[in-house]
Each structure stands twice: as structure tokens, then as C-alpha cells.
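Order of the sequence lines sets the chain letters (A, B, ...), proteins ahead of strands, with each chain counted from 1. Computed over heavy atoms, backbone and side chain alike; hydrogens, waters and symmetry mates excluded.
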Amino acid sequence: MLYESSKDYGQPRRIALVDCNNFYASCERVFKPAWNHLPVGVLSNNDGCIVARSNELKAAGIPMGAPYFKFKDQLENMGAIIVSSNYALYGDMSARVMDTLAQYTPDMEIYSIDEAWLDMTGFNTATLDEYARQIVSNVHQCTGIPVSMGIAPTKVLAKLANRLCKKRNIPGQVFNIGGAAHIEQLLKSFAVEEVWGIGRRWAEQLKTKHHIYTALDLYNADSHQMRSHYSVVMQRIILELQGVPCLFANDIKPKQQIIASRSFGTRITQKSEIIEAISTHLVRACQKLRAQNSMASGMTVSIRTAAFQPKEKYYGNRATTKFTVPTADTRHMIAAAIRAIDSIFKQGPRYAKAGVMLFDISSADTVQYDLFDEQVTPESNALMSVIDSINSRYGKKAIFFGSQGIDNKWAMKRDKMTQHFTTNWLEIPNV
DNA sequence: TCTGGGGTCCTAGGACCC
DNA sequence: TCTGGGGTCCTAGGACCC
């Protein structure tokens, strides 16, 4: 289906994308004002990759997702502040930004930790830009986080408008494509891969097979024809570029799959350590599963060695378990996971990563229990919810499963973490 | 020595049904 | 000698996103 809309737009649609600038780096700066004039970078888990960069680092040509060790010297030489990722902080700051935004429109969709769509259809067009600049400046004042805003009739265009804001450093950080008198001029200044939804693969195909190099070229393409070469997804992107809305708000749906995986802080070789790690990941995954009032009937356990070590022989494997009755009981999952590990663990490889995925997820309210399976009982829900509430009140590992282990040698590396400025009483900044 | 983690949607093809 | 047409469900894999 090309699109599905339940909404009647009596007036020209105006959709705004609000995006926090260099979000993680900006969060770090809020509580370290001295860093405002220094290059700041944030690392991924295990301090592996650079996943957020302040403008100074972008200007210096540090690429997104670059391995830290390859740029360490360069970063040191330029006096950059490099920190481990502090998700407790970013999550809390994100909530503050979203709460502030929510005051300005009844129709908001949180799209990611640092982005939200605001539907401004029907707002007074004469004052829309001014109103938008007010939102941007108020978010900055209330949270300390700088944001940019792109406004357009469709989401794909709003994304471009937002990009333009940052690219041209538009004063007020608002760009409204609006009726788009100069839309062609505008689209011409974007490479095709800058269009939202066009990734590396498609960009390459578009260039080599169809001589489409810019957003304008794509705008001029025949959406029907392109659908036959690619898919309905491509058709929607083209139509959206042309100003025809095809993408609408997603209702907040329960996740259809839940993944919990981590690279180890150090390589591990013992099965007992794999069991500890997998158990720990499962505890997190099951907790998320229960938090959305769901159960799962499928689980995949995976382990692997390092991906980028040409001298070492790669080994990776996975095992899938199907439960006859959907479950959210961590005990059942761990028992099954240990059997799965038995089937895929090999002695010898130096493992670098392990993970679990839960799938075939359904609502806990509609589970059909098995007459003959005594393990799965409604009582298990009661036990799990007690565990969840204890941990929510007294901290993550207040109560845990023996198989998780106590002194986890494999735990991830986060050597450069800043404080939990907003989520821990002991780490609140003193003024 | 050192390279993250968590998601979604779409399509093609096989198995199976009447 | 000759064997239809239409449909659903499931899975793997490919593409994309932040």
C-alpha cells in the first residue's frame, strides 16, 4: 500500500522536525560550561567508536562512527574532551526537551532520543516562523540543549529543511520550506544521499543506474517507475519530496522484537562467563518485555568473536528457541538460554560479544496458557513484577539471578564517564 | 590492543491450502 | 498425450533509520 492516512488535511500540511544539535555532546556541555568552547566527543559503549561530535570535531573532519583508537592522537593534539557515553544523563535530558516541546502542540511524535515531529497544520502561517523560533529558544533556555527546526508539508522535506538549518547556520535555527516557491533551487543543493531514507546502497544504485545525483534529480524522477526498480519505500520518498504526504505519525506500538547485546570489555573464553553475560542481557530484555506488558515465544542467543581481526579465525553462532507458550518469566528464559549456549559454545575462540533477541511478541493479556505445561502459570507474573518493583525502587541489581554472576570480568569499559548530574542525588552538581 | 546497540519495513520464494 | 488458479503464512535477507 502506498500510504495509509486517517487524517484529513483540510489545509496545507505543516510538519516540523525538531532535532537536538550534537545531542550527546550538548548534554555533556550543559553541566560543564567550560567545555562550551572546546571540541567535545562522546564514545560508544566500551569506548569503541566516536558517536557524537561537537561542531569543532565535525569541522576537523572526525567522521561519525569512527574507531576511537584511530583518531586518539589527533584528538589529543587538538585538546578535545572525549567522554564515555552516559545514557542515564542523555535519557533524562531527552525527557526534559520532549516535555518542553509538548507544551507547544497537541500533536507531537517522539521519533528518537533527540528528535520529535510536531504537527503544526492549521497554525497561523503568518506567525508560524516566529512561533517556531520561540520554541527553539525556549527549549534552549529551559534545558540548555540547542535544537534546530525544519518545517515543510512532508516529513522528508522537513528533514531536509532541518539539515539546511544546520548547514547554513540559519539565525534562529528555524527553516520553513512552506509553500516552497524555490523548492527546485533548494533541492539542487542536496546530494541524493542526504535525502532521508536514501542510504549508501541506494545512493550508489541511483547514481550508476539512473543518473540521479541530487535531491532535485530524485524529485524529477517518475515515482511509479522507480517503485518497480526499488520498492514502495522509494516511491514514498519521491512523492514526499514532491510534497505529497505519504508518511504519517506512527502510533506507539509495543516492540515486535527486543534485543539486548553487548561487546565485552575484555575477550572471554569460558563458558561460565558467556552464561553470566547472556543471563545479564536476558534480565534486561525480559524487564523491557514486561514493561510493555508483553510476552515472547521466540528467543535467539548469539555469540561471536571480534569482527575486525583478520589474523584471528572468526567464529559466530546463534541458537533459536521457541516456547510453546509465550513467556516473560526470566527463569524460563535463562534455563532455555543455557541449553542454547551448550549447543553453540566452542572451547577455543576468544569471544568478543554476546546477545539475545526476543521475538514473536504478543500481549500478556491475551496469552493462552497450556493445560499440560505446569511451568507457565499466571503466578509467575506476580513473582516477576515483585522483582521489577524491587529493582526499580532500590537500584538495578538490588535483586538478581545467580547465573548473572557477581564480579563480571567481561563488563563493558567506560573509563571516561561523567557524573549522573540529574539522576543521582550524590552526583548533583554544586553551585 | 583497540571498531556500538537497537530497531523497522519490504520483498521474494517456499510450503501449504482449497 | 494431457494436470489450474488463487490464496495465505512464514522465513530469510536486504534496505533503511537513530
Side-chain angles (χ1 to χ4, degrees), chain A residues 1-4 17 19-20 22-24 41-52 62-73 75 82 84-85 87 90-91 94 110-117 155-156 159 162-163 192-206 227-237 246-247 250-267 281 284-285 288-289 292 297-298 300 302 304-312 314 318 320 322 350 352-361 412-416:
Chain A
M1 193 182 297
L2 189 54
Y3 56 75
E4 207 173 337
L17 175 68
D19 183 318
C20 301
N22 314 329
F23 183 55
Y24 295 172
V42 180
L43 302 176
S44 64
N45 282 338
N46 273 315
D47 297 344
C49 300
I50 300 157
V51 292
I62 306 292
M64 171 66 179
Y68 175 48
F69 73 94
K70 284 190 182 169
F71 291 87
K72 201 171 171 182
D73 291 345
L75 291 165
I82 302 296
S84 303
S85 36
Y87 288 105
Y90 312 150
S94 171
I110 296 175
Y111 180 68
S112 73
I113 193 164
D114 71 332
E115 284 171 285
W117 303 101
K155 286 188 167 180
V156 168
K159 271 271 182 185
N162 189 288
R163 226 173 233 266
V192 72
E193 60 267 28
E194 290 184 271
V195 175
W196 188 44
I198 305 295
R200 232 185 45 234
R201 299 284 165 89
W202 278 4
E204 210 176 295
Q205 283 187 57
L206 284 168
R227 176 180 183 156
S228 66
H229 292 296
Y230 298 85
S231 73
V232 67
V233 176
M234 177 67 86
Q235 186 181 21
R236 288 186 194 128
I237 293 171
C246 301
L247 304 175
N250 291 322
D251 303 331
I252 297 163
K253 292 181 258 196
K255 303 269 183 247
Q256 297 172 50
Q257 52 178 242
I258 291 172
I259 297 172
S261 72
R262 287 276 182 279
S263 300
F264 305 128
T266 165
R267 306 292 195 80
H281 299 335
R284 260 199 315 137
K288 284 190 199 176
L289 185 68
Q292 64 169 31
S297 56
T300 296
S302 60
R304 67 163 174 80
T305 58
F308 300 94
Q309 298 298 314
K311 287 178 200 157
E312 219 172 303
Y314 179 81
R318 63 178 79 181
T320 293
K322 298 271 196 162
R350 298 165 61 232
K353 183 173 180 176
V356 296
M357 178 170 92
L358 306 181
F359 58 98
D360 281 357
I361 289 175
M412 74 173 158
K413 205 174 104 188
R414 290 198 291 187
D415 290 342
K416 305 162 180 293

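No contact: A/Lys413 has no heavy atom under 4.0 Å from any strand. Counting any heavy atom pair closer than 4.0 Å across all strands shown, A/Asp114 reaches sugar-phosphate atoms only and no base atom. Base contact: A/Lys70 has a heavy atom under 4.0 Å from a base atom. Residue contacts shown for A/Lys311 are absent, as no nucleic acid heavy atom lies under 4.0 Å away. Nucleic acid contact class of A/Leu43 (heavy atoms, under 4.0 Å, all strands): none. As judged by a 4.0 angstrom heavy-atom cut-off over every strand, A/Tyr230 is placed among residues making no nucleic acid contact. Heavy atoms of A/Ala260 sit under 4.0 angstrom from primed sugar atoms or phosphate atoms, though from no base atom. Among the protein residues, A/Ile258 comes within range of the sugar-phosphate backbone only, with heavy atoms under 4.0 Å from sugar or phosphate atoms but none that close to a base. When heavy atoms are screened at a 4.0 angstrom cut-off, A/Arg414 is found touching no nucleic acid atom at all.
Residue A/Gln256 contributes atom CD, which lies 15 Å from atom C1' of C/dC17 at whole-angstrom precision. The separation between A/Leu206 atom CG and C/dA15 atom C1' is 12 Å, rounded to whole Å. Taking atom CD1 of A/Ile50 as the reference point, atom P of B/dT3 lies 13 Å away to the nearest angstrom. Computed from coordinates, the A/Tyr90 OH to B/dG4 P distance equals 17 Å when rounded to whole Å. Between the CG atom of A/Asn46 and the P atom of B/dT3 there is a distance of 8 Å, given to the nearest Å. Between the C1' atom of B/dC2 and the CG atom of A/Asp415 lies a distance of 12 Å, rounded to the nearest Å. The CD-C1' distance, from A/Glu312 to B/dT1, rounds to 11 Å in whole Å. We find that CD1 of A/Ile113 is positioned 19 Å from P of B/dG4, with the value rounded to whole Å.
Between B/dG6 and A/Ser261, a contact under 4.0 Å exists linking OP1 or OP2 to a side-chain N or O. Put simply, A/Ser263 has a side-chain N or O that comes within less than 4.0 Å of OP1 or OP2 on B/dG5. Under 4.0 angstrom from either OP1 or OP2 of B/dG6 there lies at least one side-chain N or O belonging to A/Arg262. Contact annotation: A/Lys353 does not reach the phosphate of B/dT3 (side-chain N/O to OP1 or OP2, under 4.0 Å). A/Arg236 has no side-chain polar atom (N or O) that falls below the 4.0 Å cut-off from OP1 or OP2 of C/dA15.
Taking the nucleotide of DNA chain B with the nearest heavy atom to each of A/Lys253 and A/Val51, the more 5' of the two is matched to A/Val51.
Side-chain proximity of A/Ser112 to the nucleotides B/dG5, C/dC18, B/dG6 is greatest for C/dC18. Looking at the side chain of A/Cys49, the nearest of the listed nucleotides B/dG4, B/dG6, C/dC17 is B/dG4. Closest to the side chain of A/Glu115, from the set C/dC18, B/dG5, B/dG4, is C/dC18. With distances taken from any side-chain atom of A/Ile259 to the nucleotides B/dG6, C/dC18, B/dT3, the minimum falls on B/dG6.
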Quiz prompt | Nucleotide-resolved protein contact map, nucleotides 7-14 of chain C, B/S/- at heavy-atom distance under 4.0 Å | solution = ----S---
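Partners of A/Tyr90 under the side chain to side chain contact (heavy atoms under 4.5 Å, CB included) rule, at least two apart in sequence or in another chain, are A/Phe23, A/Tyr24, A/Cys27, A/Glu28, A/Val42, A/Ser85, A/Asn86, A/Tyr87, A/Ile113. Taking the ring pair (Phe, Tyr, Trp, His ring centres under 6.0 Å) definition, one finds that A/Tyr68 meets it with nothing, sequence neighbours left out. Annotation: side-chain hydrogen bond (donor to acceptor under 3.5 Å, both in side chains) contacts of A/Asn45 (sequence neighbours excluded): none. Under the side chain to side chain contact (heavy atoms under 4.5 Å, CB included) criterion, A/Asp73 pairs with no residue, sequence neighbours left out.
Taking every heavy atom of both residues into account, A/Asp47 and A/Lys416 meet most closely at OD2-N, 4.2 Å. Across all their heavy atoms, A/Ser261 and A/Arg284 have their closest contact at N-NH2, 3.8 Å. Here the closest heavy-atom approach between residue A/Met64 and residue A/Val51 is recorded as CE-O, 3.2 Å. A/Leu358 and A/Ile361 make their closest contact through O-CD1, 3.8 Å (heavy atoms, listed as atom of the first residue, atom of the second, distance).
The environment of A/Glu312 atom CD is dense: over 12 non-hydrogen atoms of other residues, nucleotides or ligands sit within 6.0 angstrom. Atom CZ of A/Arg318 sits in a sparse spot, with 12 or fewer heavy atoms from other residues, nucleotides or ligands closer than 6.0 Å.
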Quiz item: Which string of ( ) [ ] | and . matches DNA chain C, if you list each base 5' to 3' and count Watson-Crick or G-U pairs only when both distances are under 3.5 Å?
Solution: ....||||||||||||||
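The structure places OG1 of A/Thr300 at 9.5 Å from CD of A/Gln257, a figure rounded to the nearest 0.5 Å.
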